[in-house]
Structures are given as C-alpha cells and as structure tokens.
Amino acid sequence: MSDAPITAPVPVELHDTLSGKKCPLQTIAPGKVGMYCCGPTVYDLTHVGNARAALVPDVIVRFLRHEGYQVKYVRNITDIDDKIIARSREAGVPASELADRYADEYHRDMEALNILPPDVEPRVQDHIPQIIALVATLVDKGLAYAVDGDVYYRVAAFKGYGKLSKRHLEEMLEGAGSRIDVDERKESPLDFALWKAAKPGEPSWDSPWGAGRPGWHIECSAMSSTHLGDSFDIHGGGRDLVFPHHENEIAQSQGAHGEDTFARYWVHNGFINFAGEKMSKSLGNFFTTREITALYPPESLRYFLLTVHYRSGLNFEVEVPCPACGALLGKSEQESGVCEACGAHTESDVLRRRVRFPGLEEADDRLAYIYRTLRQARAFLAAAKKPGGEEPVTEHIAGMLPAFVSHMRNDFNTGGALGALSKPLAEANSLLASGKGVGKAARYLSLERFETDMAQVAEVLGCFGQDPDQWLQQRRDMKAARTGLDIDQVEALVRKRQEARAAKDWAAADAIRDELAALGVAVMDGPEGSVWDFK
RNA sequence: GGCGGCAUAGCCAAGAGGCUAAGGCGACGGUCUGCAAAACCGUUAUCCCCGGUUCGAGUCCGGGUGCCGCCUCCA
C-alpha cells in the first residue's frame with residue numbers, strides 16, 4: 001500500500017434495459033466508450049421530448065469524458081422515411097430539401113440547449129450502400145426474404161427476438177393483426193420491412209430487389225456498425241423505442257454479425273408529459289422546444305430537465321391564464337378559447353404564448369440564484385488578494401465535487417447531483433456575506449475552490465457555464481417580455497425611490513416600493529444603491 | 001389481455017438492507033435592514049395497504065390497491 005491508489009477506482013454504474021439491472025460499466029476497450037443514440041427523424045420542429053432524448057446522452061457523454069473516458073458518440077439523423085415523404089408532399093418540397101431544413105432547425109435547438117454535437121452524425125441517405133449490404137447479408141443468412149421488391153425480416157428465424165422488450169413471439173402473434181391490417185404477402189404479421197419497394201414519385205435507390213428505400217429500423221443497424229463497429233458499449237434512445245425499433249435493431253445486427261455482438265448496455269430515457277398527459281395535439285400538452293425557449297432561457301429548460309432522473313417521467317405543469325381577466329382556463333376553455341369567468345375569446349396562438357410552466361419557473365429562479373452566487377464569488381475573488389497562508393476549505397464546499405461525482409456515477413443521477421450543490425451554495429453565500437467565524441485564508445480559498453469546482457460541474461451538466469451577468473440580463477428581459485412588464489417604467493420608479501431614500505423620506509420610498517410590488521417587482525437596497533428583480 | 005414502470009412531507013424530488021430518510025418550492029420563526037427584499041440560520045415526513053425474509057427494510061420477496069407507459073407512428 002505504498003504508491004498504489006488508496007482506493008480502487010469507483011466504476012460508473014448504469015441501468016441496462018436488456019438485463020433490467022444496474023451494472024458497472026465495463027467497456028469493450030479499457031478507457032474507451034462507443035455510444036450510439038437514435039437521433040431525430042427530421043420532418044418537423046423538435047418538441048421537448050426530442051430535446052430530452054438528446055440531452056440525456058449529452059450529459060452521459062460529458063460525464064464519461066469527465067471520468068476520463070475517451071468517448072466516440074454517434075447520433076444519427078433519419079432523413080428519409082414515410083413521415084418525411086408525406087410532409088414533403090403536403091409542402092410541395094422535395095423530401096431531401098425538407099429533411100435538410102428540419103435538420104438545420106434541429107441543430108439550432110440543440111445549440112440553444114448547449115447540447116454538444118455528436119462526434120459523428122450520420123445520415124441515412126449517405127449510408128444506402130451499407131444498408132443494402134446489410135439487408136443482403138440478412139437475406140443470405142435466411143433471416144430475410146424478398147417479396148415484390150420489398151424485403152422483410154423473418155422474425156421467427158431469430159431466436160432472441162423479444163429479449164429487449166421482454167415479449168414472447170406467441171403472445172405478440174395473438175395481438176398482431178387485431179389493430180392493423182396484415183399484409184398477406186408477409187410470412188408472419190410480425191415480420192418487418194428492411195427495404196421498401198418504391199412507389200411512384202417517392203425517392204428511391206437502386207438495389208438488388210429493385211428501386212426502393214430503407215425500412216425504418218435498418219438504418220440504425222447499418223450506421224452504428226459503420227461508425228462504431230459491430231459491437232459497441234452503449235445504445236440509447238427514448239423508452240418508446242424499446243419496441244419495436246431497438247428490438248428490431250438487435251434482430252438485424254445480431255442476425256448479421258452474431259449473437260455476441262452489438263450494444264452491451266441499453267439506456268432509455270423516460271417521457272415528458274404536459275399537465276399530466278402524454279404529448280398530443282391539443283393546446284395544453286404539446287410544445288415545441290422553440291416555443292418554450294422563446295419564453296424562458298434555454299438553460300432554464302435544460303436545468304429543469306436535469307432536476308429529474310433521466311429514466312423517470314417528467315411532468316410540465318401547465319397554466320393557461322385568460323389574457324383578459326387572468327383566470328386560469330380549464331381544458332375545454334383552452335380548446336374553445338372562451339373564458340368562462342369573463343367571456344373573453346382568445347385565439348389559440350395567443351394563448352400558447354402566454355402559457356406558464358410553474359415547474360420550469362421554479363427551475364429558472366433556482367438557476368438565477370446559482371448565477372448570482374457565482375457572480376458574487378467571482379467579484380469577491382477579483383477584488384480580494386490571495387492570502388499567503390494555507391487554511392482548510394470549508395466543509396460543504398470541500399465535499400461538493402466528490403458528492404456530485406458520486407451521484408453522477410450512480411446511473412447519471414442528475415437530480416441527486418444537483419441536490420448536492422445546495423449546501424455548498426449556501427455556504428458560499430454565507431462566506432460572501434461575511435467572513436465571520438472563518439479565517440481570511442479559509443474564506444478566500446473556499447470561495448476559490450467553489451468557483452473552480454463549479455466550473456467542473458458546469459462542464460458536466462452544461463449548466464452554469466455562461467457569463468452570469470449576461471445570463472441574468474437575458475433572464476430578466478425574457479421574464480419582462482413574458483409578464484408584459486415595462487422595464488423603463490420600473491427603472492424610473494426605482495430612481496424616484498432612490499431620491500426619496502436619499503432624503504430619508506421613508507414614507508414616500510415605501511409607497512413607491514408598494515407600487516413596484518404591484519408590478520411584481522422587488523427592490524433590494526444595498527450599500528451601493530438599489531437593484532430590482534422579479535419577486 | 002400481455003409486458004414494463006411508478007407510489008417518499010402541502011407540492012416537486014433524491015434515496016436500491018444498517019449513522020439523525022438529500023435537496024428544491026411553499027409555510028413558519030430568527031439574523032441582517034430605516035422598514036423591507038436578497039442572503040444566511042432554524043423548524044416542517046417514518047416512506048400506499050397487508051403479509052414475509054432478516055439482528056435490522058422506503059430499500060429484498062409475495063399479495064392487494066392506485067396511477068402511468070409500451071404492445072400501431074411516436075423521444
């Protein structure tokens with residue numbers, strides 16, 4: 001026990017859908033991680049669920065890198081499929097043009113949320129030869145068959161089928177066909193398309209089975225093996241992809257490359273609900289990422305999504321106030337646009353822009369508290385002189401990073417990790433308020449440690465990394481826009497109150513404060529004058 | 001019907017056998033302040049029900065109840 005590390009390295013543990021258990025991460029190559037995530041099908045703007053599905057792997061990748069792993073992260077773009085074709089028809093735009101456009105929009109949303117680009121972002125249209133080769137392999141192995149230019153996977157020939165989603169062939173067969181018409185040409189209703197024969201006017205590529213295009217699941221099998229090899233470490237996606245998408249990927253990839261290949265761990269994120277309901281078309285429970293980042297700072301959305309464990313569902317509370325009288329509108333009122341309290345009618349797009357998300361607002365406030373603390377800590381460090389002596393860093397700040405990391409090692413528990421910041425944050429604020437009870441050196445060194453460790457946390461979470469002044473300014477402006485607050489009016493009142501205070505006219509000063517309070521604004525008096533913020 | 005998940009304080013939410021059950025919001029009390037606000041300190045739960053395993057269980061097993069998801073496109 002001389003030069004050896006005192007403790008064995010603590011492994012990262014992650015929950016694996018295939019085994020149903022949490023297990024230590026053991027990578028194929030030591031110190032390296034290959035990770036594939038199902039990216040978007042680009043036919044429309046992303047919704048918040050898409051954002052979460054991209055955010056979860058982003059944080060996983062960031063953390064694994066922080067842990068010292070060399071990560072190759074691949075996230076695809078599906079740029080050819082039924083929905084894209086349907087949309088392109090409606091819009092009268094070529095499919096690939098529509099796909100390019102929404103891929104750009106997707107990147108814009110990801111960037112706003114500080115989601116790092118993947119190392120490789122393969123597109124289906126660029127992998128047609130690999131897809132055709134994979135389909136051909138499956139046909140050769142007797143795992144697929146061609147009918148009239150279509151190629152189907154012969155599910156019954158792959159004995160592991162159902163192992164990811166814990167389903168049995170017989171049970172699935174019972175249910176099959178009851179909800180959707182069965183294609184009589186298929187050997188079994190469970191067989192799924194690997195290659196679809198082209199219909200007139202559809203984009204297509206030549207293949208051994210005639211002109212056609214890839215089926216839905218084959219692209220991920222082809223692209224993951226192209227960029228990560230036949231076997232890699234982690235495969236991720238939304239919960240709903242477990243069946244059929246990932247189940248089919250396993251059948252395709254293992255069918256072609258062998259049963260001992262493909263992903264070692266399967267990571268699936270939970271769903272987002274609005275007002276307790278799964279997203280659907282109605283007003284109160286479907287929001288694009290962009291609608292929300294127009295109302296709140298994107299980082300507030302990011303922070304909010306990280307407050308809950310990635311495997312859990314996450315609910316956005318939704319409040320839709322009547323623009324005329326402020327009464328909260330119920331579901332039917334939201335749909336009709338008519339307020340029962342005052343009778344006012346409001347168009348739905350106006351209503352959508354006034355929606356409030358209380359949970360998100362709480363996250364927004366919390367983030368503001370963190371940025372204010374960071375701002376003050378930096379101001380203190382810039383103004384103070386670094387002391388010569390050594391004194392131990394205060395307890396909670398010293399323990400912050402280890403606690404944060406240990407939560408993250410526990411299946412990327414961002415909720416717990418965020419909780420571990422609270423005591424250190426309070427301690428930092430306490431040190432900033434006064435140096436009472438601690439030595440000068442301890443005060444400085446603790447705040448310095450707080451600042452540097454928070455930078456590491458920021459790197460992993462992708463939060464708290466912006467310039468505090470800029471972020472707080474952005475937040476204030478967005479909140480003013482959201483609530484319809486006139487900032488000029490507020491600042492005029494604050495100035496007027498300043499004069500009253502200078503004259504020690506407390507009654508007048510307090511009256512103005514009440515006026516500001518009525519606008520939803522709080523003033524804070526400090527030694528260097530008064531500042532204001534939202535209550 | 002099949003498969004899977006969840007049920008922790010007023011609300012949100014960590015916690016996967018054992019020190020006083022994280023944290024946030026809210027509420028209440030206090031410090032600070034001209035008074036406030038912000039900030040800080042303190043108070044605020046025995047974990048859906050029943051049975052079992054164990055020296056010991058939110059934490060494991062069985063049963064029940066209640067939510068939710070997937071089984072069809074879906075993050």
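Just so we're clear, the structure is a prediction, and the values are computed from it rather than from any experiment.
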Visitor: Need the pair for U72(B). Rule: Watson-Crick or G-U wobble, both distances under 3.5 Å, any strand; none if unpaired.
Guide: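 WC or wobble partner does not exist here.
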Visitor: Between C70(B), C35(B), A37(B), which nucleotide gets closest to the side-chain atoms of Phe243(A)?
Guide: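 Among the listed nucleotides, the one closest to the side chain of Phe243(A) is C70(B).
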Visitor: Is Arg513(A) salt-bridged to Asp510(A), cutoff N-O under 4.0 Å?
Guide: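 So Arg513(A) pairs with Asp510(A) through a salt bridge.
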Visitor: Using a cut-off of less than 4.0 Å, is there contact between a side-chain N or O of Asn413(A) and OP1 or OP2 of A14(B)?
Guide: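 Result: no.
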Visitor: If you only use heavy atoms from C-beta on, which nucleotide in A39(B), A75(B), A14(B) is closest to the side chain of His309(A)?
Guide: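 That would be A14(B).
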Visitor: Could you state the CD-P distance from Glu170(A) to G1(B), rounded to the nearest angstrom?
Guide: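 The distance from CD of Glu170(A) to P of G1(B) comes to 19 Å, rounded to the nearest Å.
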Visitor: Would you mind telling me which of A16(B), A75(B), C40(B) lies closest to the side-chain atoms of Ala426(A)?
Guide: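 The listed nucleotide nearest to Ala426(A)'s side chain is C40(B).
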Visitor: Counting side-chain heavy atoms from C-beta on, which of A38(B), C70(B), C35(B) comes nearest to Arg501(A)?
Guide: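 Given the options A38(B), C70(B), C35(B), the side chain of Arg501(A) is closest to C35(B).
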Visitor: Picking from A16(B), C70(B), G34(B), which would you name as closest to the side chain of Asp510(A)?
Guide: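 Of the candidates, G34(B) comes closest.
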Visitor: Starting at CG of Leu241(A) and ending at P of C71(B), how long is that distance when rounded to a whole Å?
Guide: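 After rounding, the reported distance stands at 10 Å.
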Visitor: Given that Gly276(A) and Phe271(A) both sit by RNA chain B, which one's nearest nucleotide is further toward the 5' end?
Guide: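 Closer to the 5' end of RNA chain B: Gly276(A).
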Visitor: Could you check, using the six-membered ring where one of them is a Trp, whether His15(A) and His268(A) have ring centers closer than 6.0 angstrom?
Guide: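 Centroid distance His15(A)-His268(A): not below 6.0 Å, so no.
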Visitor: Check this for me: does the side-chain of Asp240(A) come within 3.5 Å of the base of C73(B) through a donor and an acceptor?
Guide: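 Absent.
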Visitor: Using heavy atoms to find the nearest nucleotide of RNA chain B for Glu427(A) and Lys278(A) separately, return the residue whose nucleotide is more 5′.
Guide: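 Its nearest nucleotide lies further toward 5', so the answer is Glu427(A).
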Visitor: Can a side chain N or O of Tyr369(A) be found less than 4.0 Å away from OP1 or OP2 on C40(B)?
Guide: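 So the side chain of Tyr369(A) is within the cut-off, an N or O lying under 4.0 Å from OP1 or OP2 of C40(B).
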Visitor: Look at all strands and tell whether Ser434(A) reaches a base, only sugar-phosphate, or nothing, counting heavy atoms closer than 4.0 Å.
Guide: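 Since no nucleic acid heavy atom lies under 4.0 Å of Ser434(A), the category is nothing.
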Visitor: Does NZ or CZ of Arg476(A) fall inside the cone over Phe534(A)'s six-membered ring, less than 6.0 Å from its centre and within 45° of the axis?
Guide: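 Pair Arg476(A)/Phe534(A) does not count as cation-pi.
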Visitor: Compute the centroid of each ring, for His235(A) and then for Tyr265(A), and state whether the two points are separated by less than 6.0 Å.
Guide: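 Aromatic pair excluded; centres sit 6.0 Å or further apart.
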Visitor: Identify which nucleotide among C71(B), A16(B), A39(B) has an atom closest to any side-chain atom of His15(A), counting heavy atoms from C-beta outward.
Guide: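 The answer is A16(B).
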Visitor: Could you tell me if His107(A) and Glu121(A) have a donor-acceptor pair between their side chains, going purely by distance under 3.5 Å?
Guide: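 Side-chain D/A pair, Glu121(A) to His107(A): present.
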Visitor: For Asp191(A), is there an ion pair with Arg185(A) - N to carboxylate O distance below 4.0 angstrom?
Guide: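 The answer is no: the pair does not qualify as a salt bridge.
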Visitor: I want to verify a distance call: between C70(B), G34(B), A14(B), whose nearest atom is closest to the Trp506(A) side chain?
Guide: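 For Trp506(A), the side-chain atoms sit closest to G34(B).
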Visitor: Among G15(B), G34(B), A75(B), which nucleotide sits nearest the side chain of Tyr43(A)?
Guide: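 In terms of side-chain proximity for Tyr43(A), the closest of G15(B), G34(B), A75(B) is A75(B).
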Visitor: Any salt bridge between Arg302(A) and Glu111(A), counting N to O under 4.0 Å?
Guide: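 Between Glu111(A) and Arg302(A) there is no salt bridge, as every charged N stays at least 4.0 Å from the carboxylate O atoms.
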Visitor: Quick one: which of A75(B), A13(B), C3(B) gets closest to the side chain of Val308(A)?
Guide: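 The closest nucleotide is A13(B).
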Visitor: Can G15(B) be described as syn, meaning its chi torsion is within 90° of 0, or is it anti?
Guide: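 Anti.
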Visitor: When both hydrogen-bonding distances must be under 3.5 Å and the geometry is Watson-Crick or G-U wobble, what is C40(B) paired with, if anything?
Guide: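 Across all strands, the one nucleotide that pairs with C40(B) is G30(B).
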Visitor: Is U46(B) paired to anything, Watson-Crick or G-U wobble with both distances less than 3.5 Å, and if yes, which nucleotide?
Guide: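 Matched U46(B) with nothing under the 3.5 Å cut-off.
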Visitor: Distance to the ring centre below 6.0 angstrom and angle to the axis at most 45 degrees; does that hold for Arg482(A) and Tyr296(A)?
Guide: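 Output yes; distance and angle both within limits.
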Visitor: Ignoring hydrogens and angles, answer whether the base of A75(B) and the side-chain atoms of Arg52(A) contain a donor-acceptor pair closer than 3.5 Å.
Guide: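 Counting by modelled atom types and ignoring angles, no donor-acceptor contact under 3.5 Å is found here.
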Visitor: Could you measure between the two P atoms, the one in U20(B) and the one in G58(B), and give it in whole Å?
Guide: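 Going atom to atom, P in each nucleotide, I get 13 Å.
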Visitor: Check every strand shown and say whether Val523(A) touches a base, only sugar-phosphate, or nothing at a heavy-atom separation below 4.0 Å.
Guide: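 Base contact.
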Visitor: Answer with yes or no whether the side chains of Tyr73(A) and Asp58(A) bring together a donor and an acceptor at under 3.5 Å.
Guide: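 There is no such pair (donor and acceptor under 3.5 Å, judged by atom type) between the side chains of Asp58(A) and Tyr73(A).
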Visitor: Measure from the side chain of Arg513(A), starting at C-beta and using heavy atoms only, and say which of G4(B), C70(B), C35(B) lies closest.
Guide: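 The closest nucleotide is C35(B).
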Visitor: Is there any protein nitrogen or oxygen under 3.5 Å from a nitrogen or oxygen in nucleotides 20-24 of chain B, and what are the pairs?
Guide:
from   : atom 1 : to        : atom 2 : distance (Å)
G23(B) : OP1    : Lys423(A) : NZ     : 2.9
G23(B) : O3'    : Ser422(A) : OG     : 3.0
G23(B) : O2'    : Ser422(A) : OG     : 2.6
G24(B) : O2'    : Glu362(A) : OE2    : 3.4

